[in-house]
2 protein chains.
Amino acid sequence: MVFKNTIAAVSPVRISAVPFRLGRAGLSVAVHPVGEGGQRLPAGVPAPAEWLDVAARRIVRERVGSHEQYLEQLYTFGDPATEDRTVTVSYLALFRDHERHDEDSAGLTWMAAREVVLPSEMDRRVLDYALMRLRAKLGYTNIAFHLLPPTFTLSDLQLAYEAVLGHPVDKRNFRRRMIASSILEQLDEKRRDGSHRPAALYRFASRDDREAYLTPPWAMERPEVVAESIAASHDSQ
Amino acid sequence: MVFKNTIAAVSPVRISAVPFRLGRAGLSVAVHPVGEGGQRLPAGVPAPAEWLDVAARRIVRERVGSHEQYLEQLYTFGDPATEDRTVTVSYLALFRDHERHDEDSAGLTWMAAREVVLPSEMDRRVLDYALMRLRAKLGYTNIAFHLLPPTFTLSDLQLAYEAVLGHPVDKRNFRRRMIASSILEQLDEKRRDGSHRPAALYRFASRDDREAYLTPPWAMERPEVVAESIAASHDSQ
DNA sequence: GCAAAAGTGTTATTAGTACACCCATGC
DNA sequence: GCATGGGTGTACTAATAACACTTTTGC
């Protein structure tokens, strides 16, 4: 007997995003103010014939008013508490602080992550998970770069790590690790911005992030790489 | 202006699972035969008022005919190729070989992973990703245990790793690492199963998997502190 | 006694951690 | 000349990787 993959029921599908950036106040999230001092995460609905990841990108850009530097699907929640069996697909989005943001493009504001108050249980779950993933990924990917401008100093980079992690890291060990990783490329210019020694400027040496792990290669759009990696995962016996 | 999180459209939501177990032929997948030598991954639809993870568990148990040892959500795909905008939520499921499986409970059969032929593009994506995640997780979690019976020898465990990874690992380093991790507990009994020295039997010392996210040591500080800091970053100031 | 799998240590290399002072600049 | 952040090295410890022989059993 062969089972039919029958599709019987339908559910509303919702996309919910956590847009992060690094501001003067540290790690910030873009939220919609709602009610008395509460906020809600930006969300939306995919259009017909639209991949979820494409829909997420569109929704994030519409709401935030600028282009994200990084987008990653997190987790999908089915909430039985909702009458209509809403399914929420959550995304993490990273922005550069220096990019122009139409602050009020959609009633959206950037708030320090620790000051956000989310009345929605689902929103809290999504934010918690996004933060956890972001922190974890600092350790084994170059994800932090997506929060920084194209050129930056090692101190900038370290501050980014500390802002996300929530605790200080050792300067010498940090710099050694970063330089050893050889994803940084030192520029000739230096940045002079105060009464102190100028800081060397860096940029990323390579475009291809190795966020390989949790993000499937085909979920990121790099056709050639995708094919190879999928092939390899079967061959390697 | 405050944006409404309007839920306008609905989509069929489908759950697709990759049930793995370790058999004599190495890593096997449970599939439905379909067409001429092709297969399809087991799939189903969530019921009303059912969490996705609960639905996935139910579907996997119905199809495979026994209880999975481990279940994890993988990725959610919106396939614009389907007329009705089907959304597929994919899951990884691990089974113990020795459990009784109603082989034909739903026309389902276990096949060596490398021999599976999936006509569906979506099915191939899901299987590829499941395998990638399973392999990656071997390295930093005790996920392999869910593929083994309650008691096992170190050789069993090593064979499990090798079957999933697809390459041999060093016996002495493997045993040292496993024992050092102190998640194993040696039993008094030994297993005699051939004309050779009997092997010591082990079981898992703890129930709680630490699939703790890939948290690098230097991002960690002390465990409690991290927990606090995650909490703190949400509690409104 | 021999086949078959279990079990066991050492060495070399690499990665991580802790820690404190001098350097270049603007004012 | 002093305040400010930029930049540097060393010693200790822990983790990883490579590598081959002895032990216990069934027959």
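Convention: sequence-line order gives letters A, B, ...; per-chain numbering from 1.
Looking at residues two or more places apart in sequence or on another chain, you find a side-chain contact (heavy atoms from CB on, under 4.5 Å) between A199(A) and T153(A). N173(A) meets the side chain to side chain donor-acceptor pair (under 3.5 Å) test with D170(A), R176(A); sequence neighbours excluded. Legend: residues meeting side-chain contact (heavy atoms from CB on, under 4.5 Å) with R175(A), ordered by chain and number and at least two apart, are L154(A), S155(A), K171(A). Not counting sequence neighbours, the partners of V54(B) by the side-chain contact (heavy atoms from CB on, under 4.5 Å) test are E50(B), W51(B), R57(B). Taking E115(B) as the reference, nothing meets the side chain to side chain donor-acceptor pair (under 3.5 Å) condition, with sequence neighbours excluded. Listed by chain and residue number, L74(A), Y75(A), F77(A), V126(A) satisfy the side-chain contact (heavy atoms from CB on, under 4.5 Å) test with S90(A) (two or more places apart in sequence, or in another chain). Legend: residues meeting side chain to side chain donor-acceptor pair (under 3.5 Å) with Q186(A), ordered by chain and number and at least two apart, are absent.
Rounded to whole Å, the C1' atom of dC22(C) lies 15 Å from the corresponding atom of dC2(D).
Summarising the geometry, the separation between CG on D156(B) and C1' on dA5(C) is reported as 12 Å, rounded to the nearest angstrom. Going from atom CE of M178(A) over to atom P of dA15(C) covers 15 Å, rounded to whole Å. In this entry the distance linking NZ of K190(A) with P of dT4(D) reads 22 Å, nearest Å. Following rounding to the nearest Å, R192(A) (CZ) and dA24(C) (C1') show an atom-to-atom distance of 11 Å. Per the geometry, CZ belonging to F152(A) stands 14 Å off P belonging to dG6(D), to the nearest Å. Regarding D193(B), its CG atom lies at a distance of 11 Å from the P atom of dC27(D), rounded to whole Å. Rounded to a whole Å, the CD1 atom of I179(A) is 16 Å from the C1' atom of dA15(C). Here the C1' atom of nucleotide dG9(D) and the CZ atom of F174(A) are 19 Å apart, to the nearest Å.
Across all strands shown, S155(A) has heavy atoms under 4.0 Å from sugar-phosphate atoms exclusively, and none from any base.
Computed from C1' positions of five pairs at each end, the angle between the two local axes of the helix from dG1(C)-dC27(D) to dC21(C)-dG7(D) equals 20°, rounded to 10 degrees.
Ring geometry, F174(A) versus Y161(A): the interplanar angle exceeds 60°, so the pair is classed perpendicular (tilted spans 30 to 60°).
A salt bridge (charged side-chain N to carboxylate O under 4.0 Å, His left out) check over residues 141-161 of chain A, counting only residues at least two apart or in different chains, returns the pairs D156(A)-R191(A). Sorted by first then second residue, the salt bridge (charged side-chain N to carboxylate O under 4.0 Å, His left out) pairs that include residues 139-154 of chain B, not counting sequence neighbours, number zero.
Listed pair R175(B) / dG7(C) meets the phosphate criterion, a side-chain N or O lying under 4.0 Å from OP1 or OP2.
A heavy atom closer than 4.0 Å to some atom of DNA chain C occurs in G194(A), S195(A), H196(A), R197(A), P198(A), these being the qualifying members of residues 194-202 of chain A.
Ring centroid separation for the pair F20(B) and Y70(B) does not come in under the 6.0 Å cut-off.
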How does protein contact run along nucleotides 10-20 of chain D, one letter per nucleotide 5' to 3', with B for base contact, S for sugar-phosphate only, - for none, heavy atoms under 4.0 Å? B------BBBB
